[in-house]
Asks: 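Here it is: the structure, laid out below.
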Amino acid sequence: MIDVDALLNCFGVASCAVNQLTSGLIIGMLLFLVASGLTLIFGVLNVINFAHGTFYMLGAYFAFSTYLLTESYLLSALIGALGAGFFGILFERFLISKVYGQDILMQLLVCYAFILITDDLVKIIWGSEYLSMGVPDEFRLPPFRVFGGFVPPLYAFLIILSLVIGVITIFLISKTRFGSIVRAAAENAKMVSALGIRVPLYFALLFGLGCALAGIAGALGAPVRSLTPGMGFGILIESFIVTVIGGMGSIPGALIAALILGITRSIGSVGFPLFVDGMMFVIMALVLIFKPTGLFVKGSSK
Amino acid sequence: MNFIKFHKKDIYISIISLLILISIALFIEHPWPRDFLVSIFSFGLLAMSLNMLIGFAGMVSFGHAAFFALGAYAFGLLLQNENFVMYFGQFSIPIAFVLSVLITGLYSAIIGIICVRLNDIYFAFLTLAFQMFLYSVIVSWVSLTGGDQGLMGGIPRPPFLGIDLSDSIHRYIFCSIIFVLCIFILRILNKSNFGYTLRLIRDNSERAEFIGIRVLRVKLICFVIASMMASVGGIIMALFTSGAYPEWAFWTQSGEAIFMIMLGGVSIFIGPLVGTILLRSINDIVQIYSSHSDLVIGIIIMIVVLGLRKGLVEYFLEKISFKKK
């Protein structure tokens with residue numbers, strides 16, 4: 001099942017190894033952004049946003065349209081993030097917050113219905129064909145040479161930017177006033193609202209932030225991936241696997257787990273192309289069996 | 001016999017419904033009612049078995065359709081294998097049937113061992129993840145499963161014991177017997193000690209643990225039985241369409257099954273079946289009038305979930321009981 005020769009051949013040659021590692025990092029970092037949004041929402045609201053992939057899709061499509069109009073990649077990434085965040089807040093306020101604390105069945109159904117509706121709307125607005133944004137003009141530059149391998153500037157930019165966004169998010173949650181209010185509300189929402197803080201507003205903002213993270217991942221990834229209605233679901237499953245491996249609620253855990261998965265994917269595409277998905281599930285199953293709380297979280301998932 | 005005495009009412013109901021179902025085939029020549037009913041048998045078993053997890057045991061699975069699809073694919077692949085049909089001759093169909101159910105049981109036991117230990121949200125998501133794993137295997141293993149085209153070339157249906165499943169009347173009667181039998185088994189389980197144990201675990205698993213019930217083992221057994229039941233639904237669908245399709249393993253199928261349960265309500269034993277009939281009918285009607293059926297179904301789900309906040313059946317039952325007061 002595993003093609004050892006292909007693996008050895010690739011990693012014997014520095015250029016191939018560099019290429020595989022860069023593509024692994026790209027997959028991992030984009031996955032990290034989506035998963036950090038998921039894990040953030042779960043950590044505070046104790047809700048798994050089954051519709052999280054939808055915001056990734058919305059981000060990508062908003063970015064696509066903005067790019068067609070303005071031809072600016074950075075602006076389209078911004079619009080993708082803001083648009084997804086905005087719809088995230090609407091989704092939280094008008095739909096999912098109505099079933100907080102209720103049977104998980106209700107939450108599942110609200111998310112299921114939301115995915116059906118948005119996927120169909122995207123189909124109506126943008127069509128059901130695969131769309132491709134192409135590499136933006138800003139990044140049509142000669143690639144860097146690293147150990148004989150080629151790293152396109154866009155890739156390097158994506159990796160660094162995702163890392164920066166991740167650091168900013170952690171800073172926002174752990175060091176700012178917004179972050180401390182949200183964390184306090186997660187512990188005891190009634191107490192916080194008794195202090196005169198509008199807790200639902202902060203919950204909505206946090207939900208929007210999580211969705212914006214998914215949206216910016218979709219927007220940033222638009223030039224390297226193709227867009228299709230329903231594209232969000234695959235990434236939802238992958239980011240769930242990331243949160244299981246890294247531990248629910250832990251952003252640093254999500255980063256490491258996302259990188260593990262990204263690199264597994266890119267190495268797998270050389271060494272065991274038919275078993276790439278299987279490998280991710282094997283890793284997840286092993287973590288669940290031996291450390292069900294995830295690798296980087298103390299406490300219990302039971 | 002005690003068993004017969006205890007289940008007298010259920011046995012009568014099963015026999016009468018079976019007679020009604022069979023008479024439909026004998027008196028109505030048009031194939032439409034038969035086709036509609038076979039799809040109800042199949043998806044009804046999916047919903048009823050899922051309700052064994054959700055309604056009886058409180059385990060909200062979002063990946064139940066995986067076992068439905070696995071049953072269908074196992075059944076189709078076994079019968080498409082020439083050696084298998086040569087070896088078992090006229091008993092191919094019953095043996096393939098039993099084997100597919102067992103294969104699904106084995107697979108669900110492996111998934112179950114990992115999943116049943118986890119709490120609600122994790123359980124829902126994990127079952128979903130494993131379903132998508134199966135989906136990706138089906139779609140990418142083209143040489144075996146036909147990929148996204150589905151299992152093509154038809155499933156051979158060699159006659160056995162005078163039953164010829166390629167004949168639509170025979171097939172319909174065969175499926176109704178299997179269906180009624182399965183619902184009867186679910187009913188027995190529901191009324192048995194096992195069923196009460198499941199409800200105890202649903203309502204208070206700590207207390208169940210304290211009185212000496214091995215909660216995880218009971219949950220696992222429930223998970224495996226429900227999965228095997230779902231695979232029977234899949235086999236009926238494979239028989240009916242003479243094929244198997246990856247959509248059956250797609251997550252929307254599980255979402256649909258959950259909505260069927262919600263529509264019919266979890267508090268009534270036969271509720272999920274009513275939900276299946278409702279949703280299938282809604283689906284058929286929507287598909288006639290709109291090419292965007294997902295959009296319409298999505299809006300309907302939102303209205304039911306956020307507007308009524310309970311199943312349609314429960315909603316109307318409550319309305320009626322209020323009027324009486």
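In what follows, every chain begins at residue 1, and chains take the letters A, B, ... in the order their sequences are listed.
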Asks: To the nearest 0.5 Å, what is the distance between CG on A:L116 and CD on B:E256?
Replies: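 If I round to the nearest 0.5 Å, the distance is 8.5 Å.
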
Asks: Crowded around A:F87 CZ? As in, over 12 foreign heavy atoms under 6.0 Å?
Replies: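 Not more than 12 within 6.0 Å, no.
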
Asks: Are the aromatic ring centres of B:F259 and A:Y112 under 6.0 angstrom apart?
Replies: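 No: the rings miss the under 6.0 Å criterion.
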
Asks: How close do A:V110 and B:M302 get, heavy atom to heavy atom, and via which atoms?
Replies: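 So the two residues come closest at O-CE, 3.3 Å.
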
Asks: Chain A heavy atoms under 4.5 Å from B:W251: which part of the residue, side chain, backbone, both or neither?
Replies: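 It is the side chain, since no backbone atom gets that close.
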
Asks: At a heavy-atom separation under 4.5 Å, does B:I258 approach chain A through its side chain, its backbone, both, or neither?
Replies: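 Answer is both: backbone and side chain atoms of B:I258 are under 4.5 Å from chain A.
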
Asks: Is chain B contacted by the side chain of A:M280, its backbone, both, or neither, given a heavy-atom distance below 4.5 Å?
Replies: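 A:M280 has no heavy atom closer than 4.5 Å to chain B.
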
Asks: Counting heavy-atom pairs under 4.5 Å with chain A, which one of B:V304, B:I299, B:L126 comes out on top?
Replies: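 Most pairs with chain A among the choices: B:L126.
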
Asks: With a 4.5 Å cut-off on heavy-atom pairs, point out which of B:D294, B:V296, B:I301, B:I261 contacts chain A the most.
Replies: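 The candidate making the most pairs under 4.5 Å is B:D294.
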
Asks: Check each atom of B:Y135 against the heavy atoms of chain A and say whether the ones under 4.5 Å are side chain, backbone, both or neither.
Replies: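 The answer is neither part of B:Y135.
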
Asks: Based on non-hydrogen pairs under 4.5 Å, which of A:V47, A:L105, A:V99 is most in contact with chain B?
Replies: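 Top count of heavy-atom pairs under 4.5 Å with chain B: A:L105.
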
Asks: Give the member of A:L109, A:T243, A:I237 that has the highest number of heavy-atom pairs under 4.5 Å with chain B.
Replies: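 Highest number of heavy-atom pairs under 4.5 Å: A:L109.
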
Asks: Just give me the residue among B:T252, B:V137, B:I54 that pairs up with chain A most often, heavy atom to heavy atom, under 4.5 Å.
Replies: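 Most heavy-atom pairs within the cutoff with chain A belong to B:T252.
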
Asks: So which atom in B:S293 and which in A:D120 form the shortest heavy-atom distance, rounded to 0.1 Å?
Replies: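 That closest heavy-atom pairing would be N-OD2, 4.2 Å.
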
Asks: Report which part of A:F114 has an atom under 4.5 Å of a heavy atom belonging to chain B: side chain, backbone, both, or neither.
Replies: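 Both backbone and side chain.
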
Asks: More than 12 heavy atoms of other residues, nucleotides or ligands under 6.0 Å from CZ of A:F86: is that the case?
Replies: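 Counting neighbours around CZ of A:F86, 12 or fewer heavy atoms of other residues, nucleotides or ligands fall under 6.0 Å, so no.
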
Asks: Between chain A and each of B:I300, B:L128, B:L306, B:L295, count heavy-atom pairs under 4.5 Å; write down the option with the most.
Replies: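 Ranked by contacts with chain A, first place is B:L295.
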
Asks: Considering only heavy atoms and a distance below 4.5 Å, find which of A:I124, A:T118, A:L121 pairs most often with chain B.
Replies: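 Of the candidates given, the most pairs with chain B belong to A:I124.
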
Asks: Specify whether B:F125 and A:F240 have parallel, tilted or perpendicular ring planes, treating 30° as the upper limit for parallel and 60° as the lower limit for perpendicular.
Replies: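 Parallel: the ring planes of B:F125 and A:F240 meet at under 30°.
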
Asks: If every non-hydrogen atom of A:A113 is compared with every non-hydrogen atom of B:G298, which pair is closest and at what distance?
Replies: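 Where A:A113 meets B:G298 most closely, the heavy atoms are CB-O, 3.4 Å.
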
Asks: Is A:L95 close to chain B through its backbone or its side chain, or both, or neither, when contacts mean heavy atoms under 4.5 Å?
Replies: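 Both backbone and side chain.
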
Asks: List the atom of B:Y122, the atom of A:V244, and the distance in Å for their closest heavy-atom pair.
Replies: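 Smallest heavy-atom distance, with atoms named: CE2-CG2, 4.0 Å.
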
Asks: Nearest 0.5 Å please: distance from the NE2 atom of B:H292 over to the NZ atom of A:K123.
Replies: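 Rounded to the nearest 0.5 Å, the NE2-NZ separation comes out at 8.0 Å.
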
